[in-house]
S.K.: 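Please read through the structure below; I'll follow up with questions.
Atoms within a ligand are numbered from 1 in the order they appear, just like the ligands themselves. For clarity, every value in this text was computed on a predicted model and none was experimentally measured. Position 1 is the first residue of the sequence; numbering continues from there.
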Amino acid sequence: MKILAVETSCDETAASVVKFEKGLSHVELLSNVVATSLPMHRETGGIIPENAAREQLKYIIPVINQALKEASSKDSDIDSLAVTVGPGLIGSLLVGVETVKAYSYIWKKPIIPVNHLFGHIYANFIGRKEKEIKFPSIALIVSGGHTDLVLIKSHSNIKWLGGTRDDAAGEALDKTGRLLGLSYPAGPKIEDLAKKGTDTFKFPRPLIESGDYDFSFSGLKTAVLREVEKGAKPRLENFCYSVQQAIIDVLIKKTLKAAKEFRTKSILLGGGVAANGKLREQLELEIKNLKLEIPLFVPEKRLCTDNAAMIGAAAAFLGKPKSWDKIEANPELYFD
Ligand code: KG4
Ligand code: ZN
């Protein structure tokens, strides 16, 4: 089965062709094209939704054509389309959803609607044998828009355990990065600078002992602002280390708490912040130190940040193909 998937929920315009044979093999990536409008958002210090959608209008058809070309595919090879229907920015989602609806009508192929958050989880299945990832599984989705812990008992039984009450982990990194004069998105720069820093500030680890699966990261930017306002000039590297470490400690503590409570057989990471090397290494180390013997799965870095291959993968596992007139963008979509 070949799926042409499209993702436009935030600032990326992405299309991918994936191949999947259920039970037999894994999701095979035939193409994965991502056009980004990041340089424009760097100038404004963050994403302005209208600007993002205008760029996506320009990119969407060339990106789909490129994905088909790289996969040496044409409409007659494609069994189904897939598209992110939410959550996300309404203008951006509309570009992808309405374009895919037009393809569906003209090509006479069904559409599998995909929740972007499930896409981040299923990025872990790309290039892996389906049976490698054993359930129950705990998934931590950490991106610019989301911080969620999810329990996956099976492909049809996915339960949300908790999430952020305010800023997402990536958002906290981006906002503190801005206070420190770093360009958007700050996550990768903070990771780099932190390599030469230490935990000088010992910022609070919000809700670390709350006993639930909630997160709260908005206080961190206030803590950083207070230090910046003191006027002292501590090394930027130490700021970066301290902020990154505070976030990582909370993420790991809650993920391992859930893994133990639900006796999971695997842990999955997903979302842009999952590209963070320190998060991956520390989580791996703590799993080992606690002798939990739970395998950790993390997507390739390019599949952590927004892409359409992950939407194709989620469609392959969860797919319920529908007619184009039953598909609608839903910016507020969450876990069922
Ligand atoms: O998943 P994503 O591409 O978009 C959303 O769905 O939000 O995630 C983007 C977020 C940004 O906040 C960015 O700063 C963060 O992921 N990010 C990182 C790294 N790479 C991207 N954060 C920490 N370390 C990284 N290496
Ligand atoms: Zn995302």
Side-chain angles (χ1 to χ4, degrees), residues 5-14 16 32 34-38 41-42 45-47 49 52 56 84-89 92-93 96 114-124 139-148 150 163-164 167-180 182-195 197 215 217-218 220-221 240-241 243-252 268-283 298-311 313-314 331 333-335:
V6 168
E7 150 66 39
T8 61
S9 65
C10 192
D11 59 323
E12 321 285 16
T13 312
S16 166
N32 184 29
V34 183
T36 180
S37 49
L38 254 189
H41 306 309
R42 231 169 244 143
I47 296 166
Q56 285 164 317
T84 304
V85 289
L89 305 168
S92 296
L93 286 169
V114 176
N115 181 327
H116 179 82
L117 300 169
F118 289 174
H120 278 305
I121 296 173
Y122 278 85
N124 283 290
L140 173 70
I141 305 162
V142 267
S143 71
H146 298 274
T147 304
D148 293 294
V150 180
T164 185
D167 290 353
E171 190 179 0
L173 288 168
D174 294 337
K175 284 181 175 170
T176 50
R178 197 172 173 175
L179 290 174
L180 299 171
L182 302 175
S183 63
Y184 177 86
K189 290 166 195 104
I190 290 180
E191 178 181 8
D192 261 3
L193 288 160
K195 285 178 188 148
F215 299 88
F217 292 117
S218 69
L220 265 174
K221 63 176 185 291
C240 292
Y241 189 102
V243 171
Q244 177 178 276
Q245 200 54 48
I247 293 173
I248 288 178
D249 285 349
V250 181
L251 293 175
I252 291 182
L268 312 181
L269 285 187
V273 182
N276 186 282
K278 183 75 198 291
L279 171 64
R280 293 166 176 232
E281 285 156 25
Q282 189 175 322
L283 183 51
V298 192
E300 263 178 60
K301 283 197 180 185
R302 68 184 173 127
L303 299 174
C304 287
T305 45
D306 288 350
N307 65 86
M310 68 184 199
I311 302 305
L333 186 67
Y334 215 56
F335 291 97

S.K.: Quick one: does Asp174 get an N or O within less than 3.5 Å of an N or O on ligand 1?
M.R.: yes

S.K.: Examine all N, O or S atoms of His116, backbone included, and report whether one is under 2.8 Å from the Zn ion (ligand 2).
M.R.: yes

S.K.: Quick test of your reading of the structure: of Gly177, Gly88, Gly270, Gly144, whose heavy atom lies closest to atom 7 (O) of ligand 1?
M.R.: Gly144

S.K.: Walk me through it: do His116 and Asp306 pass the test side-chain contact (heavy atoms from CB on, under 4.5 Å)?
M.R.: CA-CA 9 Å; His116 179 82; Asp306 288 350; 3.2 Å; yes

S.K.: What do you reckon, does His116 put a non-hydrogen atom under 4.0 Å from ligand 1?
M.R.: yes

S.K.: Which is it for Tyr122 and Val114 under the side-chain contact (heavy atoms from CB on, under 4.5 Å) test, yes or no, and what are the steps along the way?
M.R.: CA-CA 11 Å; Tyr122 278 85; Val114 176; over 6 Å; no

S.K.: Give the numbers and elements of all ligand 1 atoms closer than 4.0 Å to a heavy atom of Gly170.
M.R.: 12 (O)

S.K.: Would you say Cys10 touches ligand 1, if touching means a heavy atom closer than 4.0 Å?
M.R.: no

S.K.: Return a yes/no value for Pro185: is any of its N or O atoms, backbone included, closer than 3.5 angstrom to an N or O of ligand 1?
M.R.: no

S.K.: Considering only heavy atoms of Glu191, which atoms of ligand 1 have at least one such atom less than 4.0 Å away?
M.R.: 24 (N), 25 (C), 26 (N)

S.K.: To the nearest 0.1 Å, how far is atom 23 (C) of ligand 1 from its closest protein heavy atom, and which atom is that?
M.R.: Asn276 ND2, 3.5 Å

S.K.: Give yes or no for whether the N/O distance cutoff of 3.5 Å, strictly under, is met between Thr305 and ligand 1.
M.R.: no

S.K.: Using a 3.5 Å cut-off on N or O atoms only, is Leu173 in polar contact with ligand 1?
M.R.: no

S.K.: Take the Zn ion (ligand 2) as the vertex and measure to OD1 of Asp306 and NE2 of His120; round to 10°.
M.R.: 100°

S.K.: Looking only at heavy atoms, which two atoms of Asn115 and Leu117 are closest? And how far apart?
M.R.: OD1-N, 2.9 Å

S.K.: Does at least one non-hydrogen atom of Lys278 fall below 4.0 angstrom from an atom of ligand 1?
M.R.: no

S.K.: Can you list the ligand 1 atoms lying under 4.0 Å from a non-hydrogen atom of Gly145?
M.R.: 7 (O)

S.K.: Please identify which atoms of ligand 1 are closer than 4.0 Å to at least one heavy atom of His120.
M.R.: 1 (O), 6 (O)

S.K.: Using a 6.0 Å cut-off, check whether atom CZ of Arg178 has over 12 heavy atoms from anything other than its own residue.
M.R.: no

S.K.: For ligand 1, find out whether one of its N or O atoms is nearer than 3.5 Å to an N or O atom of Gly271.
M.R.: no

S.K.: Can you tell which of Asp174, Thr176, Asp167 makes a side chain to side chain donor-acceptor pair (under 3.5 Å) with Lys221?
M.R.: Asp167

S.K.: For Pro87 and His146, which heavy atoms make the closest approach, and how far apart are they?
M.R.: CG-NE2, 3.8 Å

S.K.: Show the nearest heavy-atom pair for residues Gln244 and Glu191, with the distance to one decimal.
M.R.: OE1-CA, 3.1 Å

